[in-house]
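Here's the structure, in structure tokens; my notes come after.
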Number of protein chains: 2
Amino acid sequence: MLLSTKGDYGVRAMIDLAKHAGEGPVQRSEIARRRQIPESYLDHLLAQLRRAGFVRSTRGPSGGHELAKPASDINLLSLLEALEGSLAPLGCLEPAVGEEATESICGQNWVWQEIYDEMRARLAAVSLAELVEHEREHERQAVISYNI
Amino acid sequence: MLLSTKGDYGVRAMIDLAKHAGEGPVQRSEIARRRQIPESYLDHLLAQLRRAGFVRSTRGPSGGHELAKPASDINLLSLLEALEGSLAPLGCLEPAVGEEATESICGQNWVWQEIYDEMRARLAAVSLAELVEHEREHERQAVISYNI
DNA sequence: CGATACCTGAGTAAAACACTCAACAACAGC
DNA sequence: GCTGTTGTTGAGTGTTTTACTCAGGTATCG
């Protein structure tokens with residue numbers, strides 16, 4: 001499993017913030033309830049997202065969290081890399097600083113390098129705004145099929 | 001990290017077997033030495049590969065392991081899935097038996113489903129024979145640059 | 001029979017994961 | 001300026017996975 005709950009929860013939370021953008025700060029308890037995320041765990045994810053510059057938080061009563069920039073300016077790749085660290089599927093890819101790739105031994109590297117490049121390109125092409133739009137679309141579908 | 005050492009070591013071992021196909025059984029100690037894999041750990045990987053039908057083993061003196069079918073008939077996808085289980089990047093994809101996909105909550109599923117499909121197709125298109133050929137090519141390159 | 005190999009399952013140290021808890025800091029409103 | 005509400009931080013913890021090792025067992029060849 002490439003993604004842990006951090007990447008999953010973190011993106012869910014960001015979708016929630018994007019959906020309520022322009023309505024003032026959203027409290028973590030609301031996010032946690034709506035997106036089914038443990039509240040005390042969400043704290044740490046929001047802290048990571050704030051440090052990475054995606055979220056702005058305000059304290060005190062009627063405080064909360066909101067997007068630090070428009071949802072269309074946030075792409076899924078940068079978001080996930082902020083939450084998860086590297087998304088490299090193998091250890092050999094993206095070697096540690098000061099080392100060279102040890103390609104001589106790991107014979108499947110070249111395939112995974114291609115897959116990794118494609119994956120990153122695809123993720124970079126998806127914005128948070130698109131994710132929200134997709135969710136809205138999905139909700140409409142659900143309502144229609146419910147009415148039939 | 002999508003792949004653990006199992007997938008890495010296992011494929012290395014299979015490349016080694018493919019390279020020495022037709023020369024009789026290869027002993028695990030030789031594989032372990034050439035591919036830098038802990039020998040006692042390699043035991044379990046070979047057992048998995050045998051149960052999955054990729055490797056045939058013979059006991060006794062001058063025993064060892066060899067491919068159960070031609071290297072061109074083995075693709076990287078089936079090999080890695082035998083070693084690692086599912087390669088799904090998210091938990092939500094490929095839900096447990098008897099469950100439906102919980103797409104309503106996880107808003108990035110559709111992107112990952114696309115990436116996962118592409119990934120599997122790419123892996124299925126690469127055969128073990130190609131991996132061996134690639135390694136041979138790489139060795140030739142290394143020798144040439146050494147001679148210059 | 002005995003040496004040589006594979007085969008199997010139990011065990012284990014270390015890391016990662018998925019959280020929880022407690023103490024603290026800031027701000028709003030009275 | 002006090003109080004209560006919210007966010008902030010770091011330490012801690014139980015569980016699971018990883019990456020092995022080890023001790024025995026079994027088949028086979030000579």
Side-chain angles (χ1 to χ4, degrees), chain A residues 1-13 16-17 24-33 35-68 83-92, chain B residues 1-13 16-17 24-33 35-68 80 83-92 106:
Chain A
M1 221 110 83
L2 190 56
L3 293 194
S4 67
T5 54
K6 280 189 186 179
D8 189 4
Y9 289 166
V11 171
R12 285 196 217 174
D16 202 79
L17 290 184
V26 180
Q27 285 151 25
R28 66 162 186 226
S29 58
E30 284 187 63
I31 304 173
R33 183 179 44 76
R35 302 288 163 168
Q36 307 199 26
I37 305 170
E39 197 172 331
S40 46
Y41 191 42
L42 181 57
D43 266 15
H44 295 285
L45 304 181
L46 287 169
Q48 254 181 285
L49 290 168
R50 185 167 24 76
R51 278 192 289 268
F54 294 114
V55 167
R56 185 173 38 228
S57 310
T58 52
R59 303 200 214 198
S62 77
H65 309 269
E66 53 195 327
L67 293 186
L83 288 161
E84 296 273 359
S86 167
L87 296 178
L90 264 83
C92 310
Chain B
M1 220 110 83
L2 190 56
L3 292 193
S4 66
T5 53
K6 280 190 185 179
D8 189 4
Y9 290 166
V11 171
R12 285 196 218 174
D16 201 79
L17 289 184
V26 181
Q27 286 151 25
R28 66 162 186 227
S29 58
E30 284 187 64
I31 305 172
R33 184 179 44 77
R35 301 290 163 164
Q36 307 200 26
I37 304 171
E39 197 172 331
S40 48
Y41 192 41
L42 181 57
D43 264 15
H44 295 282
L45 304 181
L46 287 169
Q48 254 182 285
L49 290 168
R50 185 166 25 77
R51 279 191 289 268
F54 294 114
V55 167
R56 185 174 39 230
S57 309
T58 51
R59 304 199 214 198
S62 77
H65 309 269
E66 53 194 327
L67 293 187
L80 285 173
L83 288 161
E84 297 273 359
S86 167
L87 296 178
L90 264 85
C92 311
C106 340

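Every chain is numbered from 1 and lettered A, B, ... according to where its sequence line falls, protein lines coming before strand lines.
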Exercise. For L3(B) and dA19(D), what is the distance between atoms CG and P respectively, to the nearest whole Å?
Worked result: 11 Å
Exercise. Considering all heavy atoms of both residues, which atom of Q36(A) and which atom of Y9(A) are nearest to each other, and what is their separation?
Worked result: O-CE2, 4.3 Å
Problem set entry | Annotated protein contacts, base or backbone, on nucleotides 13-26 of chain C with a non-hydrogen cut-off under 4.0 Å, one of B, S, - each | -----SBB----BS
Exercise. What's the CG-C1' distance between L45(B) and dC6(C), to the nearest Å?
Worked result: 14 Å
Seminar exercise, completed: R56(A) CZ to dC27(C) P, in whole Å, measures 14 Å
Exercise. How long is the line joining CG of D8(B) and P of dT18(D), in whole Å?
Worked result: 14 Å
Exercise. If you look at every heavy atom in S62(A) and Q27(A), which pair is closest and at what distance?
Worked result: CA-NE2, 4.3 Å
For this session: Round to the nearest Å and state the distance from I31(A) atom CD1 to dT6(D) atom P.
Result: 13 Å
Exercise. Can you tell me if the side-chain N/O atoms of R28(B) get under 4.0 Å from OP1 or OP2 in dA5(C)?
Worked result: no
Exercise. Under the side-chain contact (heavy atoms from CB on, under 4.5 Å) criterion, do L3(B) and D8(B) qualify, and how do the steps go?
Worked result: CA-CA 7 Å; L3(B) 292 193; D8(B) 189 4; 5.9 Å; no
Exercise. How would you label the contact of S29(A) with the nucleic acid (heavy atoms, under 4.0 Å): base, sugar-phosphate, or nothing?
Worked result: nothing
For this session: Rounded off to whole Å, could you give me the CG-to-P distance for the L42(A) and dT6(D) pair?
Result: 15 Å
For this session: Report yes if the side chains of Y41(A) and T5(A) come closer than 4.5 Å at any heavy-atom pair, otherwise no.
Result: yes
Seminar exercise, completed: note: L46(A), atom CG; dT9(D), atom P; distance rounded to Å ~ 11 Å
Problem set entry | Partner of R28(A) under side-chain contact (heavy atoms from CB on, under 4.5 Å), chosen from I37(A), D43(A), L45(A) | D43(A)
Exercise. Atom CD of Q48(A) to atom P of dT9(D): distance rounded to whole Å?
Worked result: 12 Å
Problem set entry | Minimum-distance pair of heavy atoms, taken over all atoms of L2(A) and E84(A) | O-OE1, 4.3 Å
